[in-house]
Amino acid sequence: MKKVILMTIRRTEQLADGIYRTVLHAPDGDGFGTMLPGQFLGIYPNDPAALLPRPISLCRQEPETGDLVIVYRTAGRGTQELAAQPASSMVRVLGALGNGYDLSRFRGKRVLLLGGGIGIPPMLELAARLAGENGTAKQVIAVLGYRSSDFFLLEEFRKTAGRVLIATDDGSAGTHGTVLDAVREDGTEFDIVAACGPMPMLRGVKKFAEERGTEAYLSLEERMACGVGACLGCVCRTVHRDDHSKVNNARVCTEGPVFLASEVDI
Amino acid sequence: MNFAVEIAGIELKNPVMTASGTFGSGQEYADFVDLGRLGAVVTKGVSDIPWEGNPTPRVAEVYGGMLNAIGLQNPGVETFVRRDLPFLARQNTRVIVNVCGHTEEEYLRVVERLGQEKAVDMLEINVSCPNVTRGALQFGQDPACLEALTARIRRIARQPIIMKLTPNVTSIADLARAAEAGGADAISLINTITGMKIDVERQRFVLANRTGGLSGPCIKPVAVRMVYQCAKAVRIPIIGMGGIASGEDAVEFLLAGATAVAVGMMNFHDPHTTEHVVDGIRDYCRRHHVEDVRDLIGAVRDA
């Protein structure tokens with residue numbers, strides 16, 4: 001069940017240029033339960049002139065406290081305000097939104113996680129749930145694409161995933177190029193792909209997966225208003241007629257944001 | 001205290017409804033709102049066959065509001081009747097179905113089909129969506145066209161009809177009179193105001209449709225003024241909307257002459273807004289010793 005709650009900001013820290021991490025704490029017994037990787041929150045700005053919730057993906061749910069960690073780029077007035085809010089202040093949060101990843105699809109498989117830019121954070125919770133002691137995947141290979149060596153979350157991925165590869169746009173570290181360039185250069189083997197990142201990257205991943213006949217899941221982003229499936233603002237073209245809309249449009253906030261790559265027309 | 005109001009002989013338990021397109025078919029907000037506490041639920045626009053809508057981006061935030069260019073995407077009247085209507089029929093609220101079309105015939109087909117459904121209490125005819133280029137805009141902007149369309153719909157409609165007016169005209173009172181002359185049972189206003197947003201860093205339109213409909217608190221003064229002008233021009237009831245966020249906002253529309261109000265864009269800011277508005281009107285009435293909410297309708301006085 002979706003709801004709006006007031007959450008406390010435990011702390012916010014800058015991880016890289018324009019990239020912030022905020023830890024949100026729910027009042028006891030009134031959180032969103034255990035969220036799925038790929039799900040997101042709608043954070044309402046306090047600014048009375050900025051009215052729409054900001055969709056921000058779950059980066060990590062801390063196992064001990066249930067606290068929700070989000071990592072975001074300060075792109076406009078809402079995210080800038082969030083990054084500047086002091087610890088202990090309150091923020092209104094809508095959640096839990098979206099479908100999230102179906103973890104059963106990854107069971108016993110070699111999983112390739114691709115994160116590009118601000119698409120990196122949601123891959124961390126997926127890596128954490130698939131790898132490690134309680135993980136259900138056979139192997140997790142995370143490939144992270146950054147603009148430069150101004151990394152964020154790299155240490156967290158190194159602690160979580162079995163292997164981590166890096167690509168940078170400027171060639172200052174890892175493979176000079178995209179996450180797919182890094183995958184090809186490394187020659188790593190895998191059975192299934194999960195990706196989040198900018199649209200050109202996701203188009204490349206879709207093509208890459210289709211050429212190899214590999215099952216791939218993409219976490220999509222679209223301009224959103226309500227976040228709960230009512231306004232039909234955030235649709236994505238689908239290959240087949242969507243069961244809810246009866247046209248070739250699915251709601252990113254409700255049927256998504258995670259889609260099987262072969263089912264979306266991007 | 002009385003909070004019930006009446007539109008075309010149909011009683012609403014309170015004057016608060018939802019604005020079409022901001023509340024899905026009601027189910028999307030059922031986690032947040034007891035729909036039975038609302039005067040009515042007004043659905044997203046329904047057409048005769050499924051509509052694809054516009055390309056994305058379809059929405060953009062602006063100062064104090066938002067722009068949208070959804071393009072009336074909807075699954076069509078048959079899916080609506082089969083899937084969404086049974087849910088609404090169980091909610092102990094009035095059901096108002098918003099009807100859209102490109103041509104007169106398309107409107108009439110939907111109106112005729114919904115005439116078979118007892119669960120539908122009223123129809124709201126969307127003659128004013130700024131994001132659909134073919135047909136609808138002309139119907140809503142030309143008084144003669146609006147009167148003719150209203151009359152044709154009135155002849156075949158089994159339920160009361162509410163004509164939803166566009167603010168994108170020089171004189172909205174002329175359109176209100178045309179709707180009344182055509183036989184409308186009520187009018188609702190305002191639909192969104194056509195706007196535009198440009199991303200100056202990228203030097204591009206923010207919306208794929210270039211223009212979109214402006215809604216939210218930033219349009220409220222325009223909406224209140226238009227409700228007032230229409231209330232002076234016609235005798236049929238008016239449903240007022242435009243940026244309503246609180247009981248006081250709703251009362252402002254009632255004082256201007258609206259019989260009922262609708263909560264739109266602010267559902268996106270807080271999914272509980274409709275219930276807050278219901279509670280807020282009650283608080284206002286207590287505070288001002290108003291025994292009957294209907295006493296507020298058109299009760300504004302000079303400064």
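Atom set for the values below is all heavy atoms of this structure, side chains included, hydrogens, waters and symmetry mates excluded. Chain naming here is simple, since letters A, B, ... match the order of the sequence lines and numbering starts at 1 in each.
Among all heavy-atom pairs drawn from Gly24(B) and Ala230(A), the shortest one is N-CB, 3.6 Å. The nearest pair of heavy atoms linking Pro271(B) to Tyr44(A) is CD-OH, 3.5 Å. Between Leu52(A) and Glu61(B), the closest heavy-atom pair is N-OE2, 2.9 Å.
Going from atom CZ of Arg58(B) over to atom CG of Asn249(A) covers 5.0 Å, rounded to the nearest 0.5 Å. Here the SG atom belonging to Cys226(A) is positioned 9.5 Å from the CG atom belonging to Asn267(B), to the nearest 0.5 angstrom. In this structure, the separation between CD on Glu28(B) and SG on Cys253(A) is 9.0 Å, given to the nearest 0.5 Å. Atom CG of Asn68(B) is separated from atom CZ of Arg223(A) by 14.0 Å, given to the nearest 0.5 angstrom.
Annotation for Glu221(A): atom CD does not count as buried by contact number, only 12 or fewer foreign heavy atoms lying within 6.0 Å. Arg210(B) CZ: 12 or fewer foreign heavy atoms inside a 6.0 Å radius. More than 12 heavy atoms of other residues, nucleotides or ligands shown are found within 6.0 angstrom of CD on Glu105(B). The number of heavy atoms from other shown groups lying within 6.0 Å of CG (Asp17(A)) does not exceed 12.
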inquiry  = Using the rule given for side-chain contact (heavy atoms from CB on, under 4.5 Å), can you reason through Lys44(B) versus Leu232(A), listing the C-alpha separation, both sets of side-chain angles and the distance that settles it, and then say yes or no?
reply    = CA-CA 10 Å; Lys44(B) 176 133 183 76; Leu232(A) 309 185; 3.3 Å; yes
Verdict with supporting geometry, Arg77(A) and Tyr63(B), side-chain contact (heavy atoms from CB on, under 4.5 Å) = CA-CA 10 Å; Arg77(A) 54 197 301 157; Tyr63(B) 196 94; 3.6 Å; yes
ask   = Can you check side-chain contact (heavy atoms from CB on, under 4.5 Å) on Trp51(B) and Val247(A), steps first, answer last?
value = CA-CA 7 Å; Trp51(B) 281 12; Val247(A) 293; 5.9 Å; no
task = Run the numbers on Met266(B) and Leu51(A) for side-chain contact (heavy atoms from CB on, under 4.5 Å), then give the verdict.
result = CA-CA 8 Å; Met266(B) 289 304 275; Leu51(A) 298 170; 3.9 Å; yes
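In terms of non-hydrogen atom pairs under 4.5 Å with chain B, the most contact-rich of Asn248(A), Val4(A), Val235(A) is Val235(A). Comparing Pro55(B), Gly53(B), Gly64(B) by heavy-atom pairs within less than 4.5 Å of chain A, the highest count is held by Gly64(B). Highest contact tally toward chain A, considering only Pro75(B), Gly21(B), Ser25(B), is held by Pro75(B) [criterion: heavy-atom pairs under 4.5 Å]. Comparing Phe32(B), Phe23(B), Tyr29(B) by heavy-atom pairs within less than 4.5 Å of chain A, the highest count is held by Phe32(B).
You'll find the side chain of His269(B) reaches within 4.5 Å of the side chain of Arg92(A), heavy atoms only.
For Arg237(A) and Glu52(B), the salt-bridge test passes: some basic side-chain N is under 4.0 Å from an acidic carboxylate O.
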